[in-house]
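In what follows, every heavy atom counts, from backbone to side chain, and hydrogens, waters and symmetry copies are set aside. Within every chain, numbering begins at 1; the chains are lettered A, B, ... in the order of the sequence lines, protein sequences first and strands thereafter. All values reported here derive from a predicted model rather than from experimental measurement.
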Protein chains: 2
Amino acid sequence: MTDDTDALAALDTRAAFLLSQLGAYTAQQFAERLAPLGIRPVQFGVLTRLRNADTGVELSQQQLSEALGIHRNVMVSLIDSLEERGLVQRGAHPSDRRAYAIRLTDAAHAVLGEATAAADALEEQLTVGLSESEREVLVALLRRITVEQGIAAGVHPGLAG
Amino acid sequence: MTDDTDALAALDTRAAFLLSQLGAYTAQQFAERLAPLGIRPVQFGVLTRLRNADTGVELSQQQLSEALGIHRNVMVSLIDSLEERGLVQRGAHPSDRRAYAIRLTDAAHAVLGEATAAADALEEQLTVGLSESEREVLVALLRRITVEQGIAAGVHPGLAG
DNA sequence: TATTGTTATACTCTATAACTATA
DNA sequence: TATAGTTATAGAGTATAACAATA
């Protein structure tokens with residue numbers, strides 16, 4: 001075994017490198033699968049957060065920013081793009097005249113369905129070589145790391161502003 | 001359980017989301033650990049590739065670009081910055097007068113030692129909650145995914161140009 | 001006085017094309 | 001004719017500061 005092979009093998013035995021490498025690959029693949037729907041992963045995150053809100057609860061841009069770890073300045077153009085795309089509407093906020101109440105349109109629910117199917121397909125693509133129990137072991141280990149590292153559920157650092 | 005909790009839990013049961021989330025976090029942590037050394041992850045990749053080269057083999061910028069999946073235009077300023085930092089030198093290429101032979105300096109070997117220590121510390125930080133056998137299971141599963149997806153060993157998509 | 005949404009600015013990254021010198 | 005290195009340019013993304021309206 002040459003020095004070169006040793007060193008390359010060493011990279012592949014580091015969880016840190018593999019996580020970073022696979023994370024970038026996965027994000028790229030997801031972006032490509034979302035592209036035909038006209039949205040990017042960060043916009044999918046906004047739409048998902050809005051869908052997950054309890055019925056009757058009005059989310060402002062500020063609340064969306066905090067929930068997703070995105071700066072409120074960035075949220076402005078993000079909501080702009082979603083509004084132009086016809087996926088959200090800026091409505092009057094019931095209790096704060098400074099804020100907007102961001103609401104999903106019917107078109108957004110349709111797009112969310114297709115985006116969820118894209119996420120399912122990607123999950124299948126990534127774990128095609130694993131048995132169901134292996135997939136569960138992987139997810140359990142990854143979840144334990146996120147908990148240990150204090151990463152909030154559903155908050156993606158790569159989308160942070 | 002509310003709709004909100006269901007949906008958040010669902011994100012955390014997707015290997016794809018966890019990989020993307022943890023990958024971004026890991027890359028961020030590594031960048032922060034490298035910052036005191038005055039280099040970024042992509043520069044660490046270049047230095048590592050140079051160190052891994054067989055003794056006597058001269059690597060050109062073009063060869064580095066191909067090995068790391070970075071565009072050659074980007075490699076120019078990358079080598080510029082490493083040269084200004086005193087970590088590499090552009091020497092005459094022995095067999096091609098169009099190309100440079102990129103060589104590591106003594107300072108680079110020192111920095112590589114510290115960077116490797118930083119990578120070790122990050123590996124420890126990420127896997128502190130896992131037993132040694134759990135860490136091995138995780139690495140084995142991640143490696144199988146990279147092989148299945150056709151991701152070349154040591155090539156990081158996030159550094160691609 | 002603090003907060004919501006907004007805009008402007010600058011800085012970094014990235015993607016593309018084109019140029020030169022050599023092969 | 002193709003390749004190695006370089007430069008210029010434009011676009012995207014990000015970070016900071018500041019502003020008007022409202023709390």
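Evaluation of the side-chain hydrogen bond (donor to acceptor under 3.5 Å, both in side chains) rule for A/Gln89 yields no partner, not counting sequence neighbours. For the side-chain hydrogen bond (donor to acceptor under 3.5 Å, both in side chains) test, residues two or more places apart in sequence or in another chain that qualify with A/Ser20 are B/His156. In this view, B/Arg72 satisfies the salt bridge (Lys or Arg N to Asp or Glu O under 4.0 Å) rule with no residue, not counting sequence neighbours. Partners of A/Arg90 according to the salt bridge (Lys or Arg N to Asp or Glu O under 4.0 Å) rule, which considers only residues two or more places apart in sequence or in another chain, are A/Asp80, A/Glu83. Take A/Ser133 and apply the side-chain hydrogen bond (donor to acceptor under 3.5 Å, both in side chains) test, not counting sequence neighbours, and it matches A/Ser131. B/Thr127 pairs by the side-chain hydrogen bond (donor to acceptor under 3.5 Å, both in side chains) definition with nothing, not counting sequence neighbours.
Under the ring pair (Phe, Tyr, Trp, His ring centres under 6.0 Å) criterion, no residue pair touches residues 101-152 of chain B, with sequence neighbours excluded. The salt bridge (charged side-chain N to carboxylate O under 4.0 Å, His left out) analysis of residues 99-115 of chain A, with sequence neighbours excluded, yields the pairs A/Glu58-A/Arg103.
At a cut-off of 3.5 Å, with distance as the only test, no side-chain donor of A/Gln21 or B/Thr146 sits close to an acceptor on the other residue.
For the segment residues 37-45 of chain A, the set of residues with a heavy atom within less than 4.0 Å of an atom of DNA chain D comprises A/Arg40, in numerical order. Non-hydrogen atoms lying under 4.0 Å from DNA chain C are contributed by B/Asp96, B/Arg97, B/Arg98, all within residues 77-101 of chain B.
Remark: C1' of C/dT3 and CD of A/Glu66 are 10 Å apart, rounded to the nearest angstrom. Here the C1' atom of nucleotide D/dG13 and the CD1 atom of A/Ile70 are 12 Å apart, to the nearest Å. Rounded to whole angstrom, the span from the CE atom of A/Met75 across to the P atom of D/dT16 amounts to 17 Å. Atom-to-atom, CD1 of B/Ile102 to C1' of D/dG5 comes out at 10 Å; the value is rounded to the nearest Å. Atom CD in B/Gln62 sits about 15 Å away from atom P in C/dA23, given to the nearest Å.
Between A/Leu142 and A/Leu19 the shortest side-chain heavy-atom distance falls below 4.5 Å.
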Any protein N or O atoms within reach of nucleotides 17-19 of chain C? Criterion: under 3.5 Å, listing atom names and distances.
from: C/dA17; atom 1: N6; to: B/Asn73; atom 2: ND2; distance (Å): 2.3

Expected list for residues 29-38 of chain A: side-chain donor-acceptor pairs under 3.5 angstrom, two or more places apart:
from: A/Gln29; atom 1: OE1; to: A/Gln125; atom 2: NE2; distance (Å): 3.1
from: A/Arg33; atom 1: NE; to: A/Gln125; atom 2: OE1; distance (Å): 3.4
from: A/Arg33; atom 1: NH2; to: A/Gln125; atom 2: OE1; distance (Å): 2.7

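Residue A/Gln63 has no polar side-chain atom (N or O) positioned under 4.0 Å from OP1 or OP2 of C/dT4. A close approach under 4.0 Å does not occur between any side-chain nitrogen or oxygen of A/Gln61 and OP1 or OP2 of C/dT4.
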